[in-house]
Amino acid sequence: MKVLWLQASGCGGCTMSALCAEAPDLIDTLAAAGVEFLWHPALSLASGGEVTQLLQALEAGEIALDCLAVEGAIARGPMGTGRFQMLSGTGRSMLDWVRALAPKAAHVVAVGSCAAYGGVTSAGGNPSDAVGLQYDGAHPGGVLAAGFRAGLGLPVVNVAGCPTHPGWVTETLMLLAKARLTETDLDSLGRPLFYAQHLVHHGCPRNEFYEYKASARELSDLGCMMEHLGCVGTQAVGDCNIRPWNGEGSCTRGGYPCIACTAPEFEEPRHPFTETPKVAGIPVGLPADMPKAWFMALASLSKAATPERIAKNAVAPRITVPPTIRKPGGRR
């Protein structure tokens, strides 16, 4: 499968993340699956006129385009011209090139939340009028129509994340190369289910504190960050804690709350990322994997049964009360 990778309005962080794929690395993984880049702005040697000729040949149908991968949101401004971001040397905007090449591609992949939904690029007043490929935030219809389908029938595959996990990128491209990704393998927002059917909460190393509702109050504390520090890992999709980044990392493992970066409009939560909005002391956002009434009932029982060890460690920057094993007869 031959992939053309374009970088639009964004930070390039998804490419940097993909390059952190390990055992094997990005290039070896894709090569073994028969995936190669026609051109990637950060990885390919070709530049200038060579790239322009390639783009023109793809647009004319002289070279088959198996997959168009776009990283970064698409700037539509000013006034719908897209000229806030020109594809250097071509005299045409990125908006124009994406709209010209997407119908030629067998598959179209949005790499990262900016390309998928607009992401951080569209935050604030969005002066560049940036949107995703097939979504404007959570609303269908971006630079491509809501009903757009690539050559082999799939909508845009949204490998959302900010940045996206390297494994999500490689696995998506490999599945497409082997014709093993169908529309039923995508969720309602176009994200591959192999990672979107999980919650960030699953596998979180702070789950012992979560079970007892033993909450951290400062970012340096060990406890669960849901109640006070804005963590939405119980609602956010992603297998970040099931297959940690680079084998060991994730936001919550690093002591920072999950901000649901795989979701549309995560960039503007309408409250500080590290604060939990509440009504009558109850968090507004409750876990997505259980009925809310059950959660409320269990939360009160769990807090009443919290062991002293967990309660003290939750508000400490390191384990202050180590676990003990009781021997038969109650002896330690």
Side-chain angles (χ1 to χ4, degrees), residues 1-5 14 17-18 21 24 26 29-37 64-71 98 102-119 132-203 233 235-245 250 260-264 266 288-289:
M1 183 174 79
K2 298 183 184 298
V3 180
L4 173 69
W5 185 301
C14 290
S17 173
L26 174 71
T29 298
L30 296 182
V35 179
E36 63 178 274
F37 290 116
L65 179 55
D66 299 323
C67 180
L68 172 64
V70 179
E71 174 185 359
V98 168
K104 306 285 186 181
H107 299 294
V108 178
V109 176
V111 183
S113 290
C114 287
Y117 311 120
L133 289 180
Q134 202 169 7
Y135 279 85
D136 181 356
H139 306 288
V143 299
L144 303 175
F148 169 83
R149 293 293 183 273
L152 291 182
L154 286 179
V156 174
V157 179
N158 291 323
V159 190
C162 189
T164 187
H165 191 296
W168 303 346
V169 176
T170 55
E171 194 166 328
T172 297
L173 293 178
M174 289 190 293
L175 286 169
L176 290 174
K178 300 302 181 183
R180 297 292 299 273
L181 191 71
T182 68
E183 193 161 358
T184 59
D185 297 316
L186 305 176
D187 73 359
S188 60
L189 290 167
R191 299 171 295 199
L193 286 173
F194 67 77
Y195 79 86
Q197 66 187 351
H198 301 284
L199 294 176
V200 173
H201 164 66
H202 299 156
Q235 306 154 59
V237 307
D239 59 3
C240 311
N241 281 307
I242 296 173
R243 53 166 158 189
W245 297 56
S250 73
C261 73
T262 57
F266 83 93
D289 58 351

Hey, could you give me the [atom1]/[atom2] distance between [X] and [Y], rounded to the nearest 0.5 Å?
X      : Y      : atom1 : atom2 : answer
Leu133 : Leu68  : CG    : CG    : 7.5 Å
Phe37  : Met1   : CZ    : CE    : 9.0 Å
Met174 : Leu30  : CE    : CG    : 7.0 Å
Trp245 : Cys240 : CH2   : SG    : 6.5 Å
Leu154 : Leu186 : CG    : CG    : 6.0 Å
Thr172 : Asp185 : OG1   : CG    : 10.5 Å

What's the verdict on side chain to side chain contact (heavy atoms under 4.5 Å, CB included) for Val200 and Val237, showing C-alpha distance, side-chain angles and the deciding distance? CA-CA 6 Å; Val200 173; Val237 307; over 6 Å; no
Ignoring hydrogens and geometry, is there a side-chain-to-backbone donor-acceptor pair from [X] to [Y] under 3.5 Å?
X      : Y      : answer
Asp239 : Arg243 : no
Gln134 : Val156 : yes
His202 : Leu199 : yes
Ser113 : Cys261 : yes

Which pair of heavy atoms, one from [X] and one from [Y], lies closest together, and at what distance?
X      : Y      : answer
Cys67  : Leu173 : SG-CD2, 4.1 Å
Gly112 : Cys14  : CA-SG, 3.6 Å
Thr262 : Ala160 : O-CB, 3.4 Å
Ser17  : Thr164 : OG-O, 2.6 Å
Leu189 : Asn158 : O-ND2, 2.9 Å
Val109 : Val159 : CG1-CG2, 3.7 Å

Is the shortest heavy-atom distance from the side chain of Phe194 to the side chain of Leu175 under 4.5 Å?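 A side-chain contact exists here, since the closest heavy-atom pair is under 4.5 Å.
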Measuring only between side-chain heavy atoms, which start at C-beta, is Phe266 closer than 4.5 Å to Cys162?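 Result yes, sub-4.5 Å side-chain heavy-atom pair found.
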What's the verdict on side chain to side chain contact (heavy atoms under 4.5 Å, CB included) for Ile242 and His198, showing C-alpha distance, side-chain angles and the deciding distance? CA-CA 9 Å; Ile242 296 173; His198 301 284; 3.5 Å; yes
Take Asp66 and Val3 through the test side chain to side chain contact (heavy atoms under 4.5 Å, CB included) and record every step on the way to the result. CA-CA 6 Å; Asp66 299 323; Val3 180; over 6 Å; no
Residues which pass ring pair (Phe, Tyr, Trp, His ring centres under 6.0 Å) with His107, listed by chain and number, not counting sequence neighbours: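 With sequence neighbours excluded, His107 shows a ring pair (Phe, Tyr, Trp, His ring centres under 6.0 Å) to no residue whatsoever.
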Look at the rings of Tyr135 and Tyr117 and say which category their plane angle falls in: under 30° parallel, 30 to 60° tilted, over 60° perpendicular.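 Rings of Tyr135 and Tyr117: perpendicular, over 60°.
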Electrostatic pair Glu183:Arg149 at N-O distance under 4.0 angstrom: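 Yes, this pair counts.
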Go through the steps for His165 and Tyr195 under the test side chain to side chain contact (heavy atoms under 4.5 Å, CB included), then give the verdict. CA-CA 10 Å; His165 191 296; Tyr195 79 86; over 6 Å; no
